[in-house]
2 protein chains.
Amino acid sequence: MERDLPDRDQAIPDIVIRRLPIYRRGLRHLLDEGRLTISSNDLADEIGVTAAQIRRDLSYFGRFGKQGKGYDVPTLVDAVQQILKIDRRWDVALVGFGHLGQAIADYRGFEPSSFRISAIFDRSPNRIGQVSAHGVEVQAEGDIATLVRRAGIRMGIVAVPADQAQEVTDLLLEGGIEAILNYAPVTLRVPEGVWVREIDPISLMQSMTFYLDADDPPGRSGSIADVAGA
Amino acid sequence: MERDLPDRDQAIPDIVIRRLPIYRRGLRHLLDEGRLTISSNDLADEIGVTAAQIRRDLSYFGRFGKQGKGYDVPTLVDAVQQILKIDRRWDVALVGFGHLGQAIADYRGFEPSSFRISAIFDRSPNRIGQVSAHGVEVQAEGDIATLVRRAGIRMGIVAVPADQAQEVTDLLLEGGIEAILNYAPVTLRVPEGVWVREIDPISLMQSMTFYLDADDPPGRSGSIADVAGA
């Protein structure tokens, strides 16, 4: 039996959805450079996938390119943002205000995005009552379910130690959270219909060592040394 | 022209390499549960891809499954680890010892991995000389190139603010670093032959909002509330 998992949306493979943010970033970059139209080959180069891949992926959502004219960049940016539903503001609850949580609360990548960390929670009495750089006060972990539900927050970020991650996840779920970004190195258990994506630095690093020449003696690094003029 | 980018290794698409760490994690999980053999369908379910995908991906590296017997788990784990070259220790230089850098230095996911943060750098005089939880002393950013080269370190992690990320990247490159995990929300410029992977929380969150029902009024969350018994 052939299928793409997870299959909550039979029609559109999740891998396509995961590529759309990358398309959007490339398109925004083109817009910032003042490009209003782009050929499918140039767009493919900008994004780092094939033109055929882009066509296939976008075909799930309608017809975007014009024969012989390529893509209209502003139209395609708007379309992708609408598809991803990031043409609106999404409030996010951050759990954990240790080093990692504070780094996330300060993360400059959120500023131009549609995501706002509008609630922060921690279990440590020392941290409860602290205020983030963006003016959000840290509240008690025990109040997660009540406060998240009251504020209608539907996305959460788990930034607590691994052994507390499931516990705070359960509180987020109790509050009605439907999507979780997990920084803890554990697999969270969530019910059907709730989405989890993981920040997984180890997998990313493992996917780079493949390319490193394992037989290089330490201290020698070939072409890079040449590039750096060392 | 059809090709997978980046095409530094023509034979094996990068997307296949990026999936191998996920296969490895699933296989390790099976091993922890005492499973020594597994059918290709059960392995597919465990990992969350199709059996055909696994077969295609693994076919780049040899023949692993046995007709009618499925996969031998320990053999496949070993093979994937060898392919990824994570059957050995890799030293890593971490740049940035603010909140994010401290969180990375403490990250428990590194412990069972083949990666060791064996050098830490920062530009702040207050942080230079501090010692991480794992006993690594923070050194001056200006010494990156010399110390990284001397130690033969080939992988780096960039955990500095966005506006300093390129500068420290250039120092890492000068020291001979060949692969970088970038936490800063900027695209790093590196020469051909150097690999960069990004920690990109925004893209991951954008790939979840697609699935959220945008018309839900705040405070109501359907099946999840039912699951949580709220």
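Quantities reported herein were computed from a predicted structural model and do not represent experimental measurements.
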Review point. Should the ring pair W195(A) and Y211(B) be called parallel, tilted or perpendicular, given that the plane angle runs from 0 to 90° and is split at 30 and 60?
Key: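 W195(A) vs Y211(B) ring planes: parallel.
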Review point. Do R197(A) and S207(B) have side-chain atoms, one donor and one acceptor, less than 3.5 Å apart?
Key: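 Yes - a donor-acceptor pair under 3.5 Å links their side chains.
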Check your understanding: Do you know which of A179(A), A162(A), P201(A) has the most heavy-atom pairs under 4.5 Å to chain B?
Key ->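 Counting heavy-atom pairs under 4.5 Å, the top option is P201(A).
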Identify the heavy atoms of [X] and [Y] that sit nearest to each other, and give their distance.
X: I202(B); Y: F110(A); value: CD1-CD2, 3.3 Å
X: P185(B); Y: G109(A); value: CG-N, 3.8 Å
X: K85(A); Y: T209(B); value: CD-O, 3.5 Å
X: S203(A); Y: P21(B); value: O-CG, 3.4 Å

Check your understanding: About how many Å separate CD1 of I199(B) and CD1 of I199(A), when rounded to the nearest 0.5 Å?
Key ->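 Between atom CD1 of I199(A) and atom CD1 of I199(B) there are 5.5 Å.
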**Study point:** Point-to-point distance, once rounded to the nearest 0.5 Å, from CG of D14(A) to CE of M208(B)
**Key:**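 Those atoms lie 10.5 Å apart.
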Heavy-atom pairs under 4.5 Å with chain A, option from [options] with the top count:
options: R19(B), Q81(B), R25(B); result: R25(B)
options: I83(B), L204(B), L100(B); result: L204(B)
options: I86(B), T187(B), I47(B), I104(B); result: I86(B)

Under 4.5 Å from a heavy atom of chain A, the part of [X] involved:
X: I180(B); value: backbone
X: L181(B); value: both
X: M205(B); value: both
X: V148(B); value: neither

Check your understanding: What part of I17(A) is in contact with chain B, defined as an atom under 4.5 angstrom from a non-hydrogen atom: side chain, backbone, both or neither?
Key ->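 Both the backbone and the side chain of I17(A) come within 4.5 Å of chain B.
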Exercise for review: Only pairs at least two apart or in different chains count here, so list each side chain to side chain donor-acceptor pair (under 3.5 Å) that has a residue in residues 101-114 of chain B.
Suggested key: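 Qualifying pairs, neighbours excluded: H99(A)-Q102(B).
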Check your understanding: How would you list, by chain and number, every residue that makes a side chain to side chain donor-acceptor pair (under 3.5 Å) with N182(B), sequence neighbours excluded?
Key ->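 In terms of side chain to side chain donor-acceptor pair (under 3.5 Å), with neighbours along the sequence ignored, N182(B) is linked to no residue.
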